Structure formats: structure tokens, C-alpha cells
S.K.: 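Structure below; questions to follow.
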Amino acid sequence: MRLVWQATPLYLFLSLAITGLQSVIPAVMLLVNKRIIDLVIANWGNANFIWQPLIVLVAIRFGISLLGAVLNQTNLYVGQIFNDRLMLYTKYILLEKSVQLDLAHFESSEFYDTLSRAQDSGSNYPVRVIQTLTGLFGQSITLISLLGLLFKFNWAIVPLLFFTALPAFWTSIVYSGKRFWMTRMETESGRLSDYIQRVLTNPNFAKEVRLFNLGEHLLGKWSDIRTDFNGKSAAIAFQYAKMRGLSGMLVNSGFYIAYGWTLIQAIAGKISVGDFTMYTGAFSQAQQVLPAILENIAKIYENNLYVSQYFEFLDLKPEVINIPRPRPFPNPIKQGLSIKNVTFTYPGATKPTLRNLSVDIKPGESIALVGLNGAGKTTLLKLLARLYDVDSGTITIDGIPLQEIKLSELHTNIGVLNQDFARYQLSAKDNIGFGNLKERDNQPRIEQAAQDSGADRVVEDLAESYETRLGKMFKGGVDLSGGQWQKIGMARAFMTDAPILILDEPTAALDAIAEYELFEKFRTLTAGKMTFFVSHRFSTVQLADRIVVLENSQIIEVGSHPQLMAKNGLYAEMFSLQASSYKI
Ligand SMILES: Nc1ncnc2c1ncn2[C@@H]1O[C@H](COP(=O)(O)OP(=O)(O)OP(=O)(O)O)[C@@H](O)[C@H]1O
């Protein structure tokens, strides 16, 4: 309710008010009808009948019908606006939370289960809870007013209806719960089937799916998961229908007992014809409303279970956060960056990815990270950008631990381009401008960055130049080759004003010569900045002031190219191996 209140208080109020008004209409109608019938019967064949009271009653009846029709339409309109606003709000909050969470969350499967459940639950269920709640509110008013009429006739009818309805109510609750838990248990397999669906429909997979003939195999797997789910769902639905049928009979018996009593009273002449019509009318309406109420209570229970999954996601907390009074990023950097005894283990991993790392980097120094696949190069760079916090040891800039620097400021001051850099299906201008949001509309700056990375020649060939949409996902989009995308990605990195730059193999799709030239240019353009780069090409690595060699989670060598060659360790071995393969 708080969520809805925050999303759209006015429309919540309007919706409740209109529903409340609508709900008393059936009982008021029955009462007016009774009066009309009693008046007509009392004056049956009366030649001197005074019409005025009857005309007033009929006019009231007509007025109420008109009011009902107007309220109906108004409620439909209010309901539509209310739903749209609530959906927008719940989605916004979910996306806002996703932005706040750590990278670590996005690298765990439990997170994706929670996210997937929250997305399913958050989109429709809050709206459904409120719709059902409003419906229930209206139906309860209708039922109370109808029971009010019946209570006057015989008070025992109320407990009779209540007790005969209890089993139906209990059945609905039990089976709603069963359905919810079955769906929840199937989250992971549901996600797997969604994933297969994406693989079968996503352009990134389309080529391989065809070349390896994976289509039929994956489709079969998808169909098995869905069929299995449908089977479980059908079993619950069957049980539910059976129990609902049985308990529904009991509810009906309660009504018919009460109905029989009205007939007995009417035949005995203890109630008027008007009363008789009113009571039987009240019975038949209450008979429709009561099961609907029970159904809605069960629905609220079930929908609330789903909504709780939405809140489960909202309750996730980022761990990489600002301390209460963070310090500013040192500008300019005077002493440099210092990594001391850093150890780090990924959440859920059994052994550390980095162990006891120590190295000092001076301002303006360029560092190349070298090591075999999986040595921990990317992990170290993630720690520098504080995408994760270290387990022990410290990383400081001018003596200030990273944790004490305001996170958003740290990210503004560390420019990163990754091996798996994002390919935004947006304009070329956005793809480059996202490197420095403040300068996003600064066309000369964007063009300069494109020129520096060589992306200017890519953009020249595009029909609408910088405004051309990249990627094939939307109309008019143009796809680029791997190397062309990388030039666009590099241009994004060149946009930044950050004094520390990290390039994690963003040039792997370029040929060795293009990569070498680009890094040379990069070094000239970033002279005076602290840069880190990872490359598996030693022609590029040589350009660095110092090279840090990682092996088995540790730093094993640090030095310039000539120093490491003289040392004749792992670096020299790897360098010679690559050089000899070029000679062949
Ligand atoms: N999110 C993660 N969760 C758990 N383990 C991870 C995660 N990311 C990487 N690892 C593990 O940490 C180790 C180091 O990975 P990292 O990506 O840092 O290596 P790398 O040196 O950059 O390798 P490459 O040269 O292949 O890019 C690997 O064993 C990898 O499996």
C-alpha cells in the first residue's frame, strides 16, 4: 500500500472512493424496489391512488442507475491511469535499484534468480494486488450492506453463510500458496528456458545457432522445460478445481437453507411481498458476491507472495558503498597509487584470485599487466576501479584508501575501457559521448576523440555520420565489424578527462600493427596520466614504462622491458616465444 501511495496517492484515493460508492448501489436498489413493490401491492386496484410517492421512488431508482453507469465509466478511466502510473513507478524503482547494486551482484546466479522473480512480480503483481484489494473493498461493502438487509430478517443467516464459506476460503488460500511455491521453485529452470529463448532469437547467437545446427536441439530443450512446468501447473490446477467444486457446494447449501427459510416465512404470511423480493434478491446477489470475495482474498494472498519477491530484490544492498564522510579525489595526484598486500577472493570462490599483491605506481607512469589467461589481470583492474572491495591489504591514491574516496568521484577520475566494452545500440555520437557524459553534446570534442582512435574513418562511411544508430537491433541501425566497434570504444575512452586510465584488452580485434599504432598514440595523448593496460601482444606491452607480470595469483616480476628481458624470467620467456612465432 505504501508503494502505491508513493506512486499515485490521488488516483488511489479516487479509485477507493468511487468503488465505495458503487458498492452500496445493489443494496440501495433492493431497498427502493421493495418500497415500490409494497406500495404497488398495497394500492392494487386503488382508483384514488396518489402517484407522487411512487413517481419519487421510480425517479430515485432511475437516478441511482444513472449514477451507477457514470461511476462505472469513471472508475474504468481512473483505473487505467492508476495502473499505468503504478506500473511506471514499480519499474522505475526496480531499475533504480539495479543501477545502485554492485557488479558482484551481476556476477552471481542467485542474483539473477532474485532479479528475474522481481521483474515478473514487480511488473504486474502490485497492480493486481491493488485491483483485487479495491475489488474486495467494494465487494465487502456490497456484502455488508446485503447482510445488513438479511440480518434484519434473521440474524442466524450471517453466521450460517460465514461458516459454510470457510472451507472454500481455506481451499483458495492453500492452492494459491501451492501455485506460488511451485512457480518459485521453478525460477532457475524458468530462467534457463528464457535464456534459450534469447539464444534462439538474439542476433548475437543467430550465426552460431545456424552454423552448428543448434536450433532444433535448443528448441527441444526449451520445450521440455516448458512442458514439465505445464505438467506441474496442471496437476495443481486439477486438485484445486476438485477442492473448489466440493467447497463451492457447501457455500451453495448455506444459501439454499437460508432461501428455504424465506419461503417458509413468506408462505406463513410473516413477511410482505416486497420483503420477500428484497430478501431473495439479497440472497442471490450475496451468493454471487461471497465466492468472489473469497476468491479475491486468496488472490490477494497469492499476489502478495509475488509482490514480496519484488521487495526481496529492493531489499538487496550494495556492499561497495560510500563511507559517511568520503574524501575528495586528490587532484592532481602527487605521490601516486600504492597497492599493499592486497588479497582478494571472489564471492563464493574457494581460493583467492589475488594474493598478497604489492606495487607502487608513480603519477604519469604507464603500466602494462601481463600474465597467462586467468592470472588475475582483469581482477586487479576491477579492484583499482573499486568494482569490488579488497579482502585485505590496501589500495591508496596519495595515501587515501580507495574506500574513503567518494565512489562517483572515483569513477569519474578512473576511465576504463574493457575487453567486453558495451556496444550501445544507440547513435555513434552517444557511443563515443558516453565516455564523458558532461561533454556528450560537445561535437568538436567527440570528433577529436574519434580522430584520435581512428573511429573518424568509420563514422565517415555512415549515412548519417555521428547521428547514425549503431547495431542492428533498431530500425535504421548499421552494424560494424569487431575492429570498427573497438575504434568506437577507444574513442569513448579518449573522451575522458580522468587522470587514471585503464584499458583492458579493448584492442584484441585489431591487427597487431593497428593495436601498436593505437597504443603509441594513446600514450602520447595520455602523457602525464597514469595508465594501466592489458595486452597479450608484446609489441604493445613494450611501450609501457613498467610491466607487472602476474602468475598464480601473485606478482612475480615488475620492471621495464629491458630490465625484465635481462632478468630472463617468465616475461622474457613469453616475449621470446611470441617473437619467435612471428619470425617463423
Ligand atoms: N566474477 C567472478 N567470479 C568468480 N571468479 C571469477 C570471476 N571473474 C573471474 N574469476 C576468476 O578469477 C580468475 C582471474 O580472472 P581474470 O579475469 O582476472 O583473469 P585475466 O588474467 O584477466 O585473464 P584473461 O587474460 O583471460 O583475460 C580466473 O580463474 C577466473 O575464473
Side-chain angles (χ1 to χ4, degrees), residues 364-369 377-378 381 385 411-471 477-545:
E365 223 184 348
S366 75
I367 301 288
L369 294 177
K377 305 177 291 292
T378 301
L381 297 178
H411 289 156
T412 314
N413 283 286
I414 299 188
V416 184
L417 192 65
N418 289 309
Q419 45 190 326
D420 50 355
F421 66 91
R423 298 168 182 209
Y424 299 103
Q425 309 274 313
L426 301 169
S427 69
K429 186 178 166 187
D430 276 345
N431 265 284
I432 299 173
F434 278 8
N436 188 345
L437 266 187
K438 282 200 306 279
E439 301 291 334
R440 199 183 136 205
D441 292 319
N442 184 343
Q443 188 65 25
R445 177 90 190 254
I446 288 177
E447 285 176 21
Q448 184 60 50
Q451 214 174 351
D452 293 340
S453 75
D456 56 340
R457 265 163 289 151
V458 178
V459 178
E460 259 167 34
D461 290 338
L462 300 174
E464 290 172 61
S465 183
Y466 285 90
E467 298 304 328
T468 312
R469 190 190 283 278
L470 303 186
V478 177
D479 209 2
L480 302 179
S481 73
Q484 288 173 324
W485 266 114
Q486 289 202 330
K487 285 180 181 162
I488 296 278
M490 282 296 282
R492 190 184 309 150
F494 285 135
M495 282 293 289
T496 179
D497 298 319
I500 299 180
L501 282 169
I502 292 176
L503 297 189
D504 185 359
E505 276 188 274
T507 48
L510 299 185
D511 56 63
I513 297 170
E515 178 182 297
Y516 179 85
E517 283 174 355
L518 197 70
F519 267 99
E520 216 176 19
K521 194 160 189 187
F522 176 73
R523 283 209 50 209
T524 327
L525 286 166
T526 58
K529 293 189 177 190
M530 190 186 289
T531 56
F532 294 85
F533 62 87
V534 176
S535 171
H536 287 287
R537 291 195 180 118
F538 286 85
S539 47
T540 308
V541 170
Q542 289 180 66
L543 295 172
D545 295 330

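Keep in mind the model is a prediction, meaning the values are calculated, not measured.
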S.K.: Looking at residues at least two apart in the chain, or sitting in another chain, which of them share a side-chain hydrogen bond (donor to acceptor under 3.5 Å, both in side chains) with Ser427?
M.R.: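 Partners of Ser427 under the side-chain hydrogen bond (donor to acceptor under 3.5 Å, both in side chains) test: none.
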S.K.: At what distance, to the nearest 0.5 angstrom, does CD1 of Ile446 lie from CD1 of Ile432?
M.R.: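 So the CD1 of Ile446 and the CD1 of Ile432 are separated by 6.5 Å.
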S.K.: Using modelled atom types and a 3.5 Å cut-off, is there a donor and acceptor pairing between side-chain atoms of Ser366 and backbone atoms of Asp545?
M.R.: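 A pair under 3.5 Å: yes.
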S.K.: Mind checking salt bridge (charged side-chain N to carboxylate O under 4.0 Å, His left out) for Lys429 and listing every partner two or more places apart, or none if nothing turns up?
M.R.: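 Partners of Lys429 under the salt bridge (charged side-chain N to carboxylate O under 4.0 Å, His left out) test: Asp441.
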S.K.: What pairs of residues pass the ring-ring contact (aromatic ring centres under 6.0 Å, His included) test when at least one of them lies in residues 432-464, not counting sequence neighbours?
M.R.: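 As it turns out, the ring-ring contact (aromatic ring centres under 6.0 Å, His included) pairs with a partner in residues 432-464, which skip direct neighbours, are Tyr424-Phe434.
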S.K.: CD1 of Ile488 to CZ of Arg423: how many Å apart, nearest 0.5 Å?
M.R.: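 So the gap between those two atoms works out to 11.0 Å.
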S.K.: Listed by chain and number, what are the side-chain hydrogen bond (donor to acceptor under 3.5 Å, both in side chains) partners of Arg440, not counting sequence neighbours?
M.R.: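 Residues passing side-chain hydrogen bond (donor to acceptor under 3.5 Å, both in side chains) with Arg440: Asp430.
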S.K.: Go through it in stages, so that I can follow the logic: the residues are Thr378 and Val534, the test is side chain to side chain contact (heavy atoms under 4.5 Å, CB included), and I'd like the CA-CA distance, side-chain angles, deciding distance and then a yes or no.
M.R.: CA-CA 8 Å; Thr378 301; Val534 176; 5.6 Å; no
S.K.: Would you check, one step at a time, whether the test side chain to side chain contact (heavy atoms under 4.5 Å, CB included) holds for Met490 with Leu503?
M.R.: CA-CA 9 Å; Met490 282 296 282; Leu503 297 189; 3.9 Å; yes
S.K.: Using side chain to side chain contact (heavy atoms under 4.5 Å, CB included) as the criterion, point out the one residue from Asn418, Leu417, Leu381, Leu369 that pairs with Ile502.
M.R.: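 It is Leu381; the other options fail the test.
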S.K.: Considering residues at least two apart in sequence or located in another chain, which fulfil the side-chain hydrogen bond (donor to acceptor under 3.5 Å, both in side chains) criterion with Glu467?
M.R.: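 Residues passing side-chain hydrogen bond (donor to acceptor under 3.5 Å, both in side chains) with Glu467: none at all.
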S.K.: List in chain and number order the residues that pass ring pair (Phe, Tyr, Trp, His ring centres under 6.0 Å) with Phe533, two or more places apart in sequence or in another chain; answer none if no residue qualifies.
M.R.: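 With sequence neighbours excluded, Phe533 shows a ring pair (Phe, Tyr, Trp, His ring centres under 6.0 Å) to Phe519, given in chain and number order.
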S.K.: Sequence neighbours excluded and cut-off under 3.5 Å, please list the side-chain donor-acceptor pairs for residues 455-466, or say none.
M.R.:
none

S.K.: To the nearest 0.5 Å, what is the distance between CG (Leu501) and CZ (Phe494)?
M.R.: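 The CG atom of Leu501 sits 9.0 Å away from the CZ atom of Phe494.
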S.K.: Just to verify, what does Asp479 make a salt bridge (charged side-chain N to carboxylate O under 4.0 Å, His left out) with, not counting sequence neighbours?
M.R.: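 Result, salt bridge (charged side-chain N to carboxylate O under 4.0 Å, His left out) vs Asp479: none returned.
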S.K.: Sequence neighbours excluded, which residues qualify as side-chain hydrogen bond (donor to acceptor under 3.5 Å, both in side chains) partners of Ser453?
M.R.: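 In terms of side-chain hydrogen bond (donor to acceptor under 3.5 Å, both in side chains), with neighbours along the sequence ignored, Ser453 is linked to no residue.
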S.K.: Evaluate the criterion side chain to side chain contact (heavy atoms under 4.5 Å, CB included) for residue pair Asp504 and Lys377; output intermediate values, then yes/no.
M.R.: CA-CA 8 Å; Asp504 185 359; Lys377 305 177 291 292; 5.7 Å; no
S.K.: Excluding sequence neighbours, so at least two apart, what forms side-chain contact (heavy atoms from CB on, under 4.5 Å) with Ala498?
M.R.: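 Checked Ala498 against side-chain contact (heavy atoms from CB on, under 4.5 Å); matches are Thr496.
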S.K.: Which value, rounded to the nearest 0.5 Å, describes the distance between Ile367 atom CD1 and Ile500 atom CD1?
M.R.: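 Going from the CD1 atom of Ile367 to the CD1 atom of Ile500 covers 11.5 Å.
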S.K.: Do any pairs count as a side chain to side chain donor-acceptor pair (under 3.5 Å) and have a residue in residues 442-452, sequence neighbours left out, and if so which ones?
M.R.: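 Side chain to side chain donor-acceptor pair (under 3.5 Å) check on residues 442-452 returns Glu439-Asn442, Gln443-Glu447, Arg445-Asp497, Gln448-Asp452.
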